[in-house]
Enquirer: 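Structure in structure tokens, see below.
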Amino acid sequence: MPKSKNEKTAEERSYDAASRQMIEVAGQAELDLAWDRHDAQSPACPIGAKGLCCRFCAMGPCRIMPGTKRDRGVCGATAETVVARNFVRMIAGGAAAHSDHGRAVAHTFIKAARGEAPGYEIRDEDKLRQVAPLFDVETEGRDKNDIAEELGKAALAEFGRQEGELTLIKRAPEKRQRIWRDLDVVPRGIDREVVEIMHRTTMGVDQDYRNLLLQGTRTALADGWGGSMIATELQDIMFGTPGNPWQTKAREPMKAEVNLGVLKDDQVNIIVHGHEPILSEMVVIASRDPELLDLAENVGAKGINISGICCTANEILVRHGIPVAGNFLQQELSIATGAVEMMMVDVQCIMQSLTRIVADFHTELVTTTSKAKIEGATHFEFDEDDALTSAKEIVRRAILNYPNRQGVTIPEDKSEAITGFSGDYIKYMLGGSFRSSYWPLNSNIIDGRIRGVAGVVGCNNPAVPHDAIHIPLVEELIANDVLVVQTGCAAIASAKAGLMQPETAVLKAGKGLAEVCETVGIPPVLHAGSCVDNSRVLVALSDIVGVGKENSRLSLGDDISDLPVAGAAPEWMSEKAIAIGQYFVASGVYTVFGVSFPTLGSDKLTELLFEEYKDIVGGNWAFEPDPSKMAALMIDHIDEKRRALGIEKARERTLFDMDMRRKLEAEG
Ligand code: SF4
Ligand code: MSK
């Protein structure tokens with residue numbers, strides 16, 4: 001295989017066949033990809049990589065080098081302080097991104113309830129009636145739009161709240177809530193916690209790494225149990241809960257195709273990319289408009305093909321079965337196919353390099369929100385008061401761009417995936433509509449068929465081969481009877497690798513997990529949605545704890561930290577992943593990150609997060625870049641929790657060697 005221009009082969013850069021093909025194509029065309037820029041930036045600054053660089057005031061920048069005369073900043077800040085400030089600012093960035101998404105959804109939700117945003121409606125009335133009482137909104141005898149307006153306002157008020165406790169905190173097990181209250185880390189308001197981090201980390205304020213981390217924890221909780229959870233719940237009510245069999249228009253998990261092979265050489269291809277489903281939902285509707293379909297035909301196309309990248313993709317995948325073109329590191333590759341008439345972006349995870357790459361093709365890059373403009377892109381401000389008109393206009397532009405296509409190279413690779421396992425749907429699959437609950441899950445964990453549950457989430461990162469950490473990790477977990485729940489780009493990686501098909505249970509899962517999956521009819525790897533949908537996992541974990549209250553025989557402890565569960569983000573890159581990791585850890589979940597870890601510059605702070613947190617919050621961080629060792633850490637943790645619960649039967653971990661991996665790949 002020829003080498004691409006910066007010496008690494010396509011095989012060394014990606015696990016995924018479609019991406020390898022497009023990396024080759026891009027290399028031959030001398031297109032500049034994230035991998036090339038990563039190589040150009042290497043070696044990374046070792047001081048910054050460990051969190052030891054501070055540029056928070058003009059006396060600096062200061063590079064802290066413990067053990068030398070540069071062991072403090074000009075202001076005297078220690079390694080602990082600098083690393084902690086950088087770490088909690090990452091949490092603030094991530095929490096702000098997820099939460100501002102939640103706020104945007106709440107705005108549209110209120111307008112939809114008032115009938116001021118044509119095209120949007122309250123679709124899942126059952127979920128509306130489940131969520132409203134959490135905010136003390138009366139539902140009895142009230143019209144759905146009345147309830148929704150009051151719920152939307154109550155949710156919106158959480159962002160600017162100044163005191164008290166965030167409402168959705170009470171969904172956590174009581175013991176967990178007590179832990180948070182004792183530590184004084186219950187979030188008071190979403191925006192307030194982010195602002196307080198920015199204050200505390202300016203020059204000369206909070207200079208105690210432990211105290212900084214407490215505020216980091218409070219802010220992360222404001223994300224997971226606040227902003228992200230509000231985004232997920234209101235989106236479900238407004239756009240439909242994935243797989244919810246109780247809502248008015250019954251739904252089921254969606255079968256969809258995933259990978260660059262979903263692009264069509266004879267249709268207008270529009271890729272939606274980013275995170276918020278508010279516009280993309282309307283673009284999906286607009287793409288079915290008969291007038292626009294006629295226009296497409298008139299320009300010589302056989303239809304309009306919408307597909308997605310990153311979490312906007314996940315949002316419309318789990319609700320409508322809209323195909324996914326790829327995950328984070330495939331955004332540039334999708335343009336390099338020459339088959340994309342328009343890439344429409346909203347917020348988060350959008351590379352500025354897209355403007356350079358579209359310049360070599362006919363693709364139009366369109367930004368749609370005043371929060372995220374990109375120099376060189378076309379800006380088309382989306383009007384949510386008349387969303388369908390905006391969406392139709394965008395689709396029309398894409399259609400008119402179709403005749404400008406030049407050569408097209410679309411990889412054939414795509415996989416089928418069953419997706420959209422919201423908590424409600426998992427409970428329904430396990431227990432049926434009359435006794436929908438996690439009882440069967442707890443029972444299967446107790447009898448050992450399912451060893452435990454792992455959340456594998458997060459991004460891609462050109463610092464490690466694309467998808468190549470995700471896939472072996474997930475395969476090793478399921479081979480060891482660990483049920484895997486996924487969100488974000490990690491979920492897309494598994495979907496592309498064919499791991500989200502029910503047959504995967506027979507082919508790749510351990511005997512016990514395969515038995516459960518076959519009986520229930522689910523794959524051993526469940527797609528739960530986008531990055532904000534990690535909040536679904538928090539609710540699911542609380543519900544699993546709650547089973548023990550209903551039936552002590554099925555108890556798995558009285559807190560999330562008692563459960564045989566673990567989390568991982570093997571290829572993370574975004575600050576949002578750090579916020580997610582911190583709220584999982586603070587909720588009692590052992591969480592392993594790959595790639596690199598941003599606190600390694602301070603032994604004391606790393607010790608706090610990796611070890612002392614076990615006793616303080618019941619969950620802790622770990623860092624391990626190797627997927628097999630990462631799986632071992634997670635399985636060992638799960639087994640430790642099983643032993644503590646008295647449900648561990650002695651068994652070996654299935655270790656993967658190269659022969660097994662080759663055999664699995666041949667079978668897959
Ligand atoms: Fe340096 Fe302190 Fe200023 Fe940071 S805040 S740049 S460590 S002097
Ligand atoms: S999109 S945050 S690259 S998962 Fe949610 Fe993917 Fe990470 Fe963005």
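In each ligand, atom 1 is the first atom listed, and ligand 1 is the first ligand listed.
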Enquirer: Starting from atom 1 (Fe) of ligand 1, what is the nearest protein heavy atom, named by residue and atom, and what distance separates them?
Expert: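 Checking every protein heavy atom, the shortest distance to atom 1 (Fe) of ligand 1 gives C62 SG, 2.3 Å.
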Enquirer: May I ask you to check whether over 12 heavy atoms, not counting those of R55, lie within 6.0 Å of atom CZ?
Expert: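 No, because the 6.0 Å sphere around CZ of R55 holds 12 heavy atoms or fewer from other groups.
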Enquirer: Check L483, V484, T419 against L526 for a side-chain contact (heavy atoms from CB on, under 4.5 Å) and give me the one that passes.
Expert: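 So the option named by the test is L483.
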Enquirer: Atom 3 (Fe) of ligand 1 and C57: any N/O/S contact shorter than 2.8 Å?
Expert: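 Checking C57: at least one N, O or S atom is under 2.8 Å.
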Enquirer: With the threshold set at under 4.0 angstrom, would you say G458 reaches ligand 2 through any of its heavy atoms?
Expert: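 Heavy atoms of G458 do come under 4.0 Å of ligand 2.
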Enquirer: Which residue and atom name correspond to the protein heavy atom nearest atom 2 (Fe) of ligand 1, and how close is it?
Expert: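 Of every protein heavy atom, C75 SG, 2.3 Å lies nearest to atom 2 (Fe) of ligand 1.
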Enquirer: So which heavy atom on C53 is nearest to which on G48, and how close?
Expert: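 Minimum heavy-atom separation between C53 and G48: CB-CA, 4.0 Å.
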Enquirer: Identify the protein heavy atom lying closest to atom 4 (Fe) of ligand 1, giving its residue, its atom name and the separation to 0.1 Å.
Expert: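 That would be C54 SG, 2.3 Å.
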Enquirer: Give a yes or no on whether a salt bridge exists between R13 and D36, defined as a side-chain N under 4.0 angstrom from a carboxylate O.
Expert: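 Result for this pair is yes, salt bridge flagged.
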Enquirer: Is the W225 to Y583 ring centre distance short of 6.0 Å?
Expert: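 Ring centroids of W225 and Y583 are no less than 6.0 Å from each other.
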Enquirer: Is the shortest distance from a heavy atom of M573 to ligand 2 less than 4.0 Å?
Expert: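 So M573 counts as touching ligand 2.
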Enquirer: Which one holds for C489 and ligand 2: side chain close, backbone close, both close, or neither close, with close meaning a heavy atom under 4.0 Å?
Expert: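 Both of them.
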Enquirer: What class does the angle between the rings of F623 and F597 fall in, given that below 30° is parallel, 30 to 60° is tilted and above 60° is perpendicular?
Expert: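 The arrangement is tilted - the two ring planes meet at 30° to 60°.
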